[in-house]
2 protein chains.
Amino acid sequence: MIYVENDPALRGIMTQLLEQRPDIEILLATGIAHEAIDRRLAEQADVALLDLALGSSQMNGIDLGLALRSLNDNIGIVIHSQYRLDTVARVVPPEALIGWVTLPKSGELPIGDLVQTLRDAARGMTLTEPLADSETLPLESLTIRQRAVMGMAASGIKSTEIARRLHISHDAVRQDLSRAYKILVPDADPDADDLRTRAVLTYLELTRDDDAGDGA
Amino acid sequence: MIYVENDPALRGIMTQLLEQRPDIEILLATGIAHEAIDRRLAEQADVALLDLALGSSQMNGIDLGLALRSLNDNIGIVIHSQYRLDTVARVVPPEALIGWVTLPKSGELPIGDLVQTLRDAARGMTLTEPLADSETLPLESLTIRQRAVMGMAASGIKSTEIARRLHISHDAVRQDLSRAYKILVPDADPDADDLRTRAVLTYLELTRDDDAGDGA
DNA sequence: AACGACCTGTCACAGGTGTGAGGTCCTGGG
DNA sequence: CCCAGGACCTCACACCTGTGACAGGTCGTT
């Protein structure tokens, strides 16, 4: 197997645990994505265990998995992540999805189960369900006006000033912000969360360097 | 001890290893920063082991450490990170630095060494050297309370909730936020700027751990 | 034309926010 | 001892925010 995990502490511990298994051979354990992209390595490996989030300076686990697939049609790919995993189903072409398994990071996963998942993936099992869909990214369900207003709010402009600059009423701005908040922070606790700040953080996150699909 | 680590896999493994030590009692192991901010918990704990990068949706380990300090003057803080750690020295007020230890994440760190570091921090040892300096960042002129309050605000918690969690009055929180805004956004235009958002953005910029010394 | 679905705007209300003025409590000079 | 300076807090005031209810608009469909 090939193991790519960003966090050195987790990688070290996991490597130790996996090496104790007689049926597992670790060809490479690294935190650097491009080290794993090697034809000889990919051809020798039966399966790759890839952290999804490898840090902002390099490709993510999905891209890496696709790269490995292009070197070895039969390699199993296990994506390891603590975040939502349906992203995989959205960006991986369906015909390449065979042998893709997503594995939520959790503290309780016994090492034996992990090994079993790796074996399953190597045999071609697919655990990633094709997107139930109707799921759209929050950003895409914002209207143009809402994005304009939200964008200005995210750069630290107060509502009254946004209204002045867009030549609409203060009420209208607040109404659109309110509607944008519901979309960007649907799970907010009105007693604890500062909606504006949470929405701004989400908005900035969604509008950063990502991602597939739409043009500006 | 209190343990806050974003990555559930690492957290789970570390929790198991630490619980095997007879001299360590884990009061809380969580990935959610604000769960750790609890008066009773902070008073009972001798030391907190905090991951620096807790994810973009919540405060970082330094802010969390400061919040815990405001609940318990004597709690030891161990910041765990794979990144550069001199940020700590730059952003933590020197008088609060006693008992702050920074610990690089690496795969090889024996659990015994970690335990020893935790004990050292609980006893008040300081491993973070006060920055050689002539660097005066806005952050350094914030008081500890202001850092704690601002850190929580920057993670999207509203003032009333911050007050509740830190056991101070809503008025006091707003007063400290107001003072923090003046320091973080000295050039604000009160007619156009949303002070809270601008301060949050500035604050996050200043506390990012990949941020080199010079700004602007 | 009538319909549904969406987007946009207005209004009123409850509650949150930012700030100056002015207290208390320390701490470290003089 | 008294005093200055700072951190922290309370209060009151003016203003800003977030939201439900509701009323047009504009589409594309029936």
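Naming convention: chains lettered A, B, ... in sequence-line order (proteins, then strands); numbering from 1 in each chain.
Side chain of B:R11 to main chain of B:E5: a donor-acceptor pair is present (N/O by atom type, distance under 3.5 Å, no hydrogens or angles). In this structure a side-chain-to-backbone donor-acceptor pair under 3.5 Å is present from B:T202 to B:R198.
The side chain of B:A172 lies closest to D:dC9 when the candidates are C:dT10, D:dA7, D:dC9. Side-chain proximity of A:K182 to C:dG9, D:dT19, C:dT19: nearest is D:dT19. With distances taken from any side-chain atom of A:R179 to the nucleotides C:dG18, C:dG9, D:dC9, the minimum falls on C:dG9.
Atom CG of A:L184 is separated from atom P of D:dG18 by 13 Å (rounded to the nearest Å). In this structure, CG of B:D191 is placed 13 Å from C1' of C:dG18, rounded to the nearest angstrom. Following rounding to the nearest Å, B:I168 (CD1) and D:dC8 (C1') show an atom-to-atom distance of 9 Å. In this structure, A:D176 atom CG and C:dC11 atom C1' are separated by 16 Å, rounded to whole Å. In this structure, the CG atom of A:D189 is 15 Å from the C1' atom of C:dG16, given to the nearest Å. Residue A:R145 contributes atom CZ, which lies 14 Å from atom P of D:dT26 at whole-angstrom precision. One interatomic measurement links the two molecules: CZ of B:R198 to P of C:dG18, which rounds to 14 Å at whole-angstrom precision. In this structure, A:I162 places its CD1 atom 15 Å from P of C:dT8, rounding to the nearest Å.
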> Which nucleotides of nucleotides 12-17 of chain D have their base under 4.0 Å from a protein heavy atom (B), which only their sugar-phosphate (S), and which neither (-), written as one string 5' to 3'?
Replying inline: B---SB
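Proximity of B:L184 to B:L206: side-chain heavy atoms (C-beta onward) are separated by under 4.5 Å at one or more points. With a 4.5 Å cut-off on side-chain heavy atoms, B:L195 and B:L177 do not count as touching.
To the nearest 0.5 angstrom, B:E161 atom CD is 8.0 Å from A:D191 atom CG. For the atom pair B:I24 CD1 and B:R119 CZ, the distance stands at 6.5 Å (nearest 0.5 Å).
A salt bridge is defined here as a Lys NZ or Arg NE, NH1 or NH2 lying under 4.0 Å from an Asp or Glu carboxylate O, and B:R40 with B:E43 fails to meet this definition.
Not a single donor-acceptor pair, N or O on each side, falls under 3.5 Å between the base of D:dT19 and the side chain of A:Q175.
Looking at heavy-atom distances under 4.0 Å, B:L177 makes no contact with the nucleic acid at all.
In terms of phosphate contacts, A:S178 brings a side-chain nitrogen or oxygen within less than 4.0 Å of OP1 or OP2 of D:dT19.
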